[in-house]
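Chain A is the first sequence line, chain B the second, and so forth, proteins listed ahead of strands; every chain is numbered from 1.
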Amino acid sequence: MRPERYDFAAAEPKWRKIWDERQVFTSGDAAKPKYYVLEMFPYPSGRIHVGHVRNYSMGDVIARYKRAMGFDVLHPMGWDAFGLPAENAAQQSGSHPATWTYANIASMRTQLKSMGLSLDWSREIATCDPAYYKHQQKLFLDFLAGGLVDRKQSKVNWDPVDHTVLANEQVVEGRGWRSGALVEQRELTQWFLRIGKYADDLLTSLDTLDRWPEKVRLMQRNWIGRSEGLLARFAIAGDPTGEIEVFTTRPDTLFGAKFVALAPDHPVARAAASSDPALAAFAEECRHIGTSVAAIETAEKKGYDTGLRVVHPFDPSWVLPVYVANFILMDYGTGAIFGCPAHDQRDLDFANAYGLGATPVVCPEGVDPATLIVSETAFDGEGRLVNSRFLDGLTVAEAKEEVAKRLETAQLHGRPQGERKINYKLRDWGISRQRYWGCPIPIIHCPDCGVVPVPDADLPVKLPEDVTFDKPGNPLDHHPTWKNVACPKCGAAARRETDTMDTFVDSSWYYARFTDPHNESAPAAPEQLSRWLPVDQYIGGIEHAILHLLYSRFFSRAIRDTGHGGVAEPFAGLFTQGMVVHETYRAASGKWVAPSELRFETGDKGRRAFLIEGGEEVAIGAIEKMSKSKRNTVDPDDIIASYGADTARLFVLSDSPPDRDVVWTEEGVQGAWRFVQRVYRLAGELANAAAPVGASAPAEFGAAALDVRKATHRTIAAVGDNIERLRFNTAIARIREYANELTAALDKVETVPVSADLAFAFREAADVFVQLIAPMTPHVAEECWSDLGHSEIVSLAPWPEADPTLVAQDMISLPVQVNGKKRAEILVAHDADEATIREEALTQEAVLRAMEGKPLKKFILVPKRIVNVVV
RNA sequence: GCGGACGUGGCGGAACCGGUAGACGCAAGGGACUUAAAAUCCCUCGGGCCAUGCCCAUGCGGGUUCGAUCCCCGCCGUCCGCACCA
């Protein structure tokens, strides 16, 4: 006897056990076409959060749907397991980072498994596993051999208390986020990956990623920041060899130049500062402002006249002053510019501060050059050149070309004075971190041989286990013996590189490792890479729009170009899902209160919240991103324990479009819960009226049976289309609509057993209904599928096919408008000719009334859409 | 400042290529069943009016069109990204 209510607590573990034992989700049937669906793998913080539930539920719907569509689906899971939190935990609790990390992985794996995700767990990887980072080290060495790695001095944010490098986002108001110490700018020798080599390819290939959000492509475009311009060299007056090279995108405005400005760290500026203490002090001041993001925003343009003068390239008698200025960046272009105040706002602000003047040299069409004055706002639009000697009358583009040509042929100090140049904002990727819990950089420093790669046979360079975290700085550096090693080349006493890699490196190739996760000799076999890559659908948060995705695109190219195989673009389809947000609650004391501590009432004064303990009323605040500090989080474990995984999955997929934020509400969860129960009930009711499994179709269908079948096939078509387009919320809405239709059809049944045609229609409906909901709520679907008499599980059932003849409507209802306002509705055959429709429309009482006896001016028929009568 | 996205009932949202605005759900109100509750089921649910019907309504103001949530112009508001990149 089937129970009245669905007991998720019994059913969910039962079905997961069956999936697990039968290895239903293991990929590798080469006879089928492949489909690779991947969600961004989690950092093992210890607990999954609702954001994970949403992310992985979406991926799972796609995986289950594609599997049912006959694809060999790769849907793996792993752990982004290196990173600073493990070291922080080690400092605080004394547990070793590895112990802490693997314990977290174990508990999160249990949590993820309780969600019923159709993952191939046999491919699980963790980036902190030597079996994984061994290949990462090999890739690094291959990149090094392939000219994709650089070692150079670079400025870093140095925390003098923690003895570590900080990322920009770890510097808060000029201080280290953890230590609170004033951050210093230090020059350190660091390892860099030369992502800049691929700048142009990474930029132009964005156009091919037509299944990426336009927003992400735009962000990457801006980040890469290509600009075409000219390098131009200015001779220093009175110095036979001295010169300053500037980069400009506006060579056309050269006759509007009023000054040259240098970054404080420009070599010429440093040289000048060495004999001018005031300039040295000014440069030092600039460096300090550079550390604070807030300061840059409000900083005034400031400069210091070095006293140097440079000669205008087109007029030996024209000299320009050379300033050191706080707004010039050393690491973009050449660290030097020429300033044209009339046509650049920054230059104008600077010129106004130092009385340098502004001569307009570009005049917009239709403006009299004589009246052209620039005082507060620079003009950066199009126009024709004025006040520019041989450039006068040319367009901006023509003038740029002319200046470039002339400077390319002009000579200064025996070299061409100008050179066309394409610049990128994208910098090479510094990967050195002075930390323990990361992938060791496989390099040995020998006093005689210099930088020596660790030989392949010695890989992986494993992290030592006996480390301490009681001292600030890098534990690898403090380790008594680990860094001492013989040089592989000459055998002399040498020292290991003690820096480890940025954790973004770990996540830049994990999608490739999943294709062949247990390969010991290579990151992945080329045939596995070509079998699975690119990832067909990648799903994750928008916060990775730039770095992770750009680094991965770079790695995929670098892996291919160092002979490992694979593809240029790792992610053919990208979807960025929205966050899960929640109301906030605050007591009168100002303390944040967790939703689990509250009870709610709805009355005359609207919705109110009270503490369960004590009954104090608390204020219901804004809906915000879930965060521990505001205590507005919900624990997936609690939800799954009280409602089951299917309810949690259904809720995060319903209501809101997947790319937008979804508000977590108790009412919404209960709505999902009710529907899970309804699925179970409805399947049971349908079963009672349905023909047995495999019953053959009767020759004829009556009206009632036909209506049910039409609803069935229309829903198959709609849900499939919605899932393909990742519109899970509308897919679920269609299924709920279908449930309403089936309930109504069952209500109409007067006699049991029903006629054979209706029984067939109900059998078909019951099966399809369960199959359509299965990707979202797989456990209850399996339970119902079994109750419906199927011997095989629904997870292995092929997706139902919509019969086009049943999807098409034979009678359609056409709205009839008079002068654009709807007045009536007519029911006509889908293939009715215009004359029939016209006759029907024009005899409608409401239409005639609206026409008020006026003569018909025009009759518009949009087939299958609408009729409009114009009078 | 620059770039982008978005504004639809009490709420989340739907509406395919310019063709019935408000699917589906949440909340609310009314009712049935019940000793009662839970669960379930049914009905109402954008606003207004001279209510068998009509008018207004997709942030605001214009425009194009037989017809505009959708296209164009101008405002207002919200959110996101970048932030002196020469």
A:W673 CH2 to B:G25 P, straight-line distance once rounded to whole Å
19 Å
Below 4.0 angstrom from OP1 or OP2 of B:C11, is there any side-chain N or O of A:T665?
no
For B:G13 versus B:A23, give the span between their C1' atoms, rounded off to a whole number of Å.
10 Å
Do we get A:K301 above A:F327's six-membered ring, with its NZ or CZ under 6.0 Å from the centre and within 45° of the axis?
yes
Indicate whether OP1 or OP2 belonging to B:G4 is found under 4.0 Å from a side-chain N or O atom of A:N222.
no
Just label B:A51 as syn or anti from its O4'-C1'-N9-C4 or O4'-C1'-N1-C2 angle, using within 90° of 0 for syn.
syn
Under the 3.5 Å Watson-Crick or G-U criterion, the dot-bracket string of RNA chain B, with | for inter-strand pairs
(((((((..(((......[....))).(((((.......))))).((((...))))..(((((..]....))))))))))))....
Heavy-atom distance under 4.5 Å between the side chains of A:C286 and A:Y304, does that happen here?
no
Distance col, row A:F8:CZ vs A:T647:OG1, nearest 0.5 angstrom, shows 7.0 Å
Scan the side chains in residues 252-259 of chain A for donor-acceptor partners under 3.5 Å anywhere in the protein, sequence neighbours excluded, and list what turns up.
unit_1 : atom_1 : unit_2 : atom_2 : d
A:D252 : OD1    : A:R250 : NE     : 3.1
A:D252 : OD2    : A:R250 : NE     : 3.3
A:D252 : OD2    : A:R250 : NH2    : 3.0
A:T253 : OG1    : A:R250 : O      : 2.8
A:K258 : NZ     : A:T359 : OG1    : 2.7

When you match A:T248 and A:G668 each to their closest nucleotide on RNA chain B, which lands nearer the 5' end?
A:G668
Starting at atom CG of A:L329, determine the distance to atom P of B:A83, rounded to an integer number of angstrom.
11 Å
Side chain of A:R660, heavy atoms from C-beta onward: which of B:G13, B:A86, B:C24 has the nearest atom to it?
B:G13
Nearest 0.5 angstrom please: A:K400 NZ to A:T248 OG1, how far?
8.5 Å
For residues 659-674 of chain A, which residue pairs qualify under salt bridge (charged side-chain N to carboxylate O under 4.0 Å, His left out), counting only residues two or more places apart or in two chains?
none
Selected nucleotide, minimal atom distance to A:E667 side chain, candidates B:A27, B:U20, B:C24
B:A27
If you take all heavy atoms of A:L407 and A:A232, which pair is closest and at what distance?
CD1-CB, 4.0 Å
Once you apply a heavy-atom cut-off of 4.0 Å, does A:N740 come out as touching a base, just sugar-phosphate, or nothing?
sugar-phosphate
In whole angstroms, how far is the P atom of B:C84 from the CG atom of A:D349?
14 Å
Looking only at atom types and distance, does a side-chain atom of A:D646 sit under 3.5 Å from a main-chain N or O of A:V780, one as donor and one as acceptor?
yes
Hey, is A:D207 close enough to A:R221 for a salt bridge, meaning N to O under 4.0 Å?
yes
Going by the glycosidic torsion and a 90 degree boundary from 0, is the base of B:C76 oriented syn or anti?
anti
Any carboxylate oxygen within less than 4.0 angstrom of a Lys/Arg side-chain nitrogen, looking at A:E741 and A:R734?
no
Whole-Å distance, A:I337 CD1 to B:C84 C1', equals 10 Å
Closest approach to the side chain of A:L218, judged atom by atom: which nucleotide of B:A23, B:G4, B:G81 is it?
B:G4
Distance between the P atoms of B:G3 and B:G74, in whole angstroms?
14 Å
Close N or O pairs between protein and nucleotides 15-18 of chain B (under 3.5 Å):
unit_1 : atom_1 : unit_2 : atom_2 : d
B:A15  : OP1    : A:R727 : NH2    : 2.6
B:A15  : OP2    : A:R727 : NH2    : 3.0

What distance separates A:K302 NZ from A:E285 CD, expressed to the nearest 0.5 Å?
5.0 Å
Euclidean distance, atom CG of residue A:D721 to atom P of B:A14 [Å, nearest integer]
15 Å
Quiz item: cation-pi between A:R54 and A:F728, 6.0 Å / 45°:
no
With syn defined as a glycosidic angle within 90° of 0 and anti as the rest, where does B:G9 land?
syn
Just how far, in rounded Å, is C1' of B:A5 from CE of A:M219?
12 Å
Do A:Y643 and A:F651 make the cut of ring centroids closer than 6.0 angstrom?
no
For this output row, return yes or no: ring centroids of A:Y585 and A:F600 closer than 6.0 angstrom.
yes
Separation of A:N722 CG from A:N729 CG (nearest 0.5 Å):
8.0 Å
Whole-Å distance between B:A27 P and A:F600 CZ?
14 Å
Using whole Å, report how far NZ of A:K425 lies from P of B:G3.
13 Å
A:R823, nearest nucleotide to its side chain (from B:C84, B:G19, B:C55):
B:C55
How long is the span from the CE atom in A:M579 to the CD atom in A:Q577, to the nearest 0.5 Å?
10.0 Å
At under 4.0 Å between heavy atoms, which parts of nucleotides 34-49 of chain B does protein reach? Answer with one letter per nucleotide, 5' to 3': B base, S sugar-phosphate only, - none.
-----SSS--------
What's A:E4 touching, base or sugar-phosphate or nothing? Going by heavy atoms closer than 4.0 Å.
nothing
Using atom C1' in both nucleotides, what's the gap between B:G63 and B:C55 to the nearest angstrom?
24 Å
Heavy atoms only, 4.0 Å cut-off, all strands: where does A:L814 land among base, sugar-phosphate and nothing?
nothing
Respond yes when some side-chain nitrogen or oxygen of A:N729 is under 4.0 Å from OP1 or OP2 of B:A14, and no when none is.
yes
B:A5 and B:G9: how far apart are their C1' atoms, nearest whole angstrom?
24 Å
Check nucleotides 63-67 of chain B for protein N or O atoms closer than 3.5 Å to its own N or O atoms and list the pairs.
unit_1 : atom_1 : unit_2 : atom_2 : d
B:C66  : O2'    : A:N868 : ND2    : 3.4
B:C66  : O2     : A:N868 : ND2    : 2.3

Atom P, compared across B:A57 and B:G48: separation rounded to whole Å
15 Å
Distance, C1' atom - from B:C24 to B:C76, rounded to whole angstrom
32 Å
Nearest-angstrom distance, C1' atom, B:A83 to B:C16:
39 Å
Write down the distance separating the P atoms in B:U20 and B:C70, rounded off to the nearest Å.
13 Å
Measure across A:E245 and A:T334 and return the closest heavy-atom pair with its distance rounded to 0.1 Å.
O-OG1, 2.6 Å
